[in-house]
Amino acid sequence: MKLYIVYDSEGGHTEALAQAIAAGAALVENAEVEVHSVQEADVRTLPEADAIIWGCPGHFGTISAGLKAWIDKLGYLWAQGELIDKIGGVFCTTATEHGGLESTMVSLMTPMLHQGMIVVGLPGNLPQNATYGSYYGVGVTCPIDSDELLSKQGEELGRAFGKRVAEVARRFARS
């Protein structure tokens with residue numbers, strides 16, 4: 001089972017969250033996880049993936065330009081229906097509380113839904129998500145005045161989300 005994670009990161013925060021998600025996905029048996037920045041990610045490899053997770057820093061409540069440019073390359077995959085029924089998930093980071101995490105994640109889901117993907121969120125019954133999370137995916141506030149790239153809570157949420165997406169992809173692949 002292959003999981004493909006692609007991220008745009010400017011200060012290292014979103015990359016750290018992508019790595020936490022990958023670590024959680026790797027906990028699932030037979031999961032092969034690839035993590036790529038938008039600069040190195042190749043959209044032509046996406047049809048081989050069972051699950052695709054993408055994320056970016058939120059820019060004023062929407063997708064960063066770097067990830068948006070990468071997503072805009074998916075048109076031919078849409079035309080051929082190559083991503084229909086792939087499992088998808090989204091994540092983002094912001095510099096401020098109430099910085100647009102959820103609106104960014106909804107914006108990140110929209111291209112997945114256009115592709116016919118099945119989007120997986122993070123349920124509220126997970127302890128990691130009950131007090132510090134979002135149902136849409138993983139959204140983490142990473143203040144710019146801190147030396148810490150990702151909080152302990154952010155790492156836990158990332159791992160929980162990666163594991164959840166991988167488990168859903170595994171169940172879907174078996175059926």
Side-chain angles (χ1 to χ4, degrees), residues 3-27 33-43 46 49 51-74 87-115 117 119-166:
L3 289 91
Y4 196 90
I5 301 171
V6 62
Y7 66 90
D8 185 21
S9 188
E10 295 157 1
H13 302 93
T14 311
E15 180 180 7
L17 184 53
Q19 294 298 336
I21 293 167
L27 296 173
V33 184
E34 290 187 38
V35 182
H36 299 283
S37 70
V38 291
Q39 291 83 15
E40 62 186 18
D42 185 354
V43 298
L46 294 180
I52 302 161
I53 304 170
W54 59 51
C56 65
H59 285 227
F60 308 105
T62 194
I63 304 171
S64 68
L67 185 59
K68 178 67 169 86
W70 185 83
I71 289 171
D72 286 346
K73 296 176 187 177
L74 302 178
I87 301 300
V90 301
F91 63 99
C92 79
T93 59
T94 59
T96 61
E97 194 172 336
H98 309 297
L101 289 170
E102 290 187 341
S103 62
T104 300
M105 287 188 282
V106 169
S107 296
L108 288 166
M109 284 183 228
T110 302
M112 290 183 167
L113 295 169
H114 278 255
Q115 292 284 347
M117 295 173 66
V119 180
V120 173
L122 194 58
N125 67 339
L126 290 172
Q128 299 91 332
N129 201 34
T131 57
Y132 184 79
S134 171
Y135 305 110
Y136 304 117
V138 176
V140 177
T141 301
C142 304
I144 55 174
D145 59 352
S146 172
D147 292 336
E148 188 177 57
L149 286 178
L150 196 59
S151 69
K152 181 179 182 244
Q153 293 166 323
E155 287 180 32
E156 289 175 4
L157 280 171
R159 283 192 302 274
F161 184 61
K163 184 178 179 194
R164 171 153 167 75
V165 172

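Source: prediction; values computed, not measured.
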*Asks:* Look up atom CZ in R164 and atom CD1 in I53, then write down how far apart they are to the nearest 0.5 Å.
*Replies:* 11.5 Å
*Asks:* Return the set of residues passing side-chain contact (heavy atoms from CB on, under 4.5 Å) with E155 (not counting sequence neighbours), or none when no residue passes.
*Replies:* L150, R159
*Asks:* Which atom names give the shortest non-hydrogen contact between G58 and T104, and what distance separates them?
*Replies:* CA-OG1, 3.6 Å
*Asks:* Are L67 and L108 side-chain neighbours, meaning at least one heavy-atom pair lies under 4.5 Å?
*Replies:* yes
*Asks:* Listed by chain and number, what are the ring-ring contact (aromatic ring centres under 6.0 Å, His included) partners of H36, not counting sequence neighbours?
*Replies:* Y4
*Asks:* Please check: side-chain N/O of T94 versus main-chain N/O of L101, any donor-acceptor pairing under 3.5 Å?
*Replies:* no
*Asks:* Identify the heavy atoms of G158 and L17 that sit nearest to each other, and give their distance.
*Replies:* CA-CD1, 3.9 Å
*Asks:* Quick check: closest heavy atoms across W54 and P111, and the distance to 0.1 Å?
*Replies:* CZ2-CB, 4.0 Å
*Asks:* How close do G100 and S103 get, counting heavy atoms only, and between which atoms?
*Replies:* O-OG, 3.2 Å
*Asks:* Using side-chain heavy atoms (C-beta onward) and a distance below 4.5 Å, is L74 in contact with L46?
*Replies:* yes
*Asks:* Mind checking what makes side-chain contact (heavy atoms from CB on, under 4.5 Å) contact with V119, not counting sequence neighbours?
*Replies:* M109, M112, L113
*Asks:* Quick one: which residue pairs count as a salt bridge (charged side-chain N to carboxylate O under 4.0 Å, His left out) with a foot in residues 7-27, not counting sequence neighbours?
*Replies:* none
*Asks:* Out of I52, V90, I87, L122, which residue meets the side-chain contact (heavy atoms from CB on, under 4.5 Å) rule with V165?
*Replies:* I87
*Asks:* What distance do L149 atom CG and S9 atom OG have between them, rounded to the nearest 0.5 Å?
*Replies:* 8.0 Å
*Asks:* From S64 OG over to W70 CH2, what is the distance, rounded to the nearest 0.5 angstrom?
*Replies:* 12.0 Å
*Asks:* With S107, which residues qualify under side-chain contact (heavy atoms from CB on, under 4.5 Å), at least two apart?
*Replies:* T62, I63
*Asks:* Nearest 0.5 angstrom please: C92 SG to H13 NE2, how far?
*Replies:* 13.0 Å
*Asks:* Under the side-chain contact (heavy atoms from CB on, under 4.5 Å) test, which residues partner A18, sequence neighbours left out?
*Replies:* I5, Y7, V35, F91
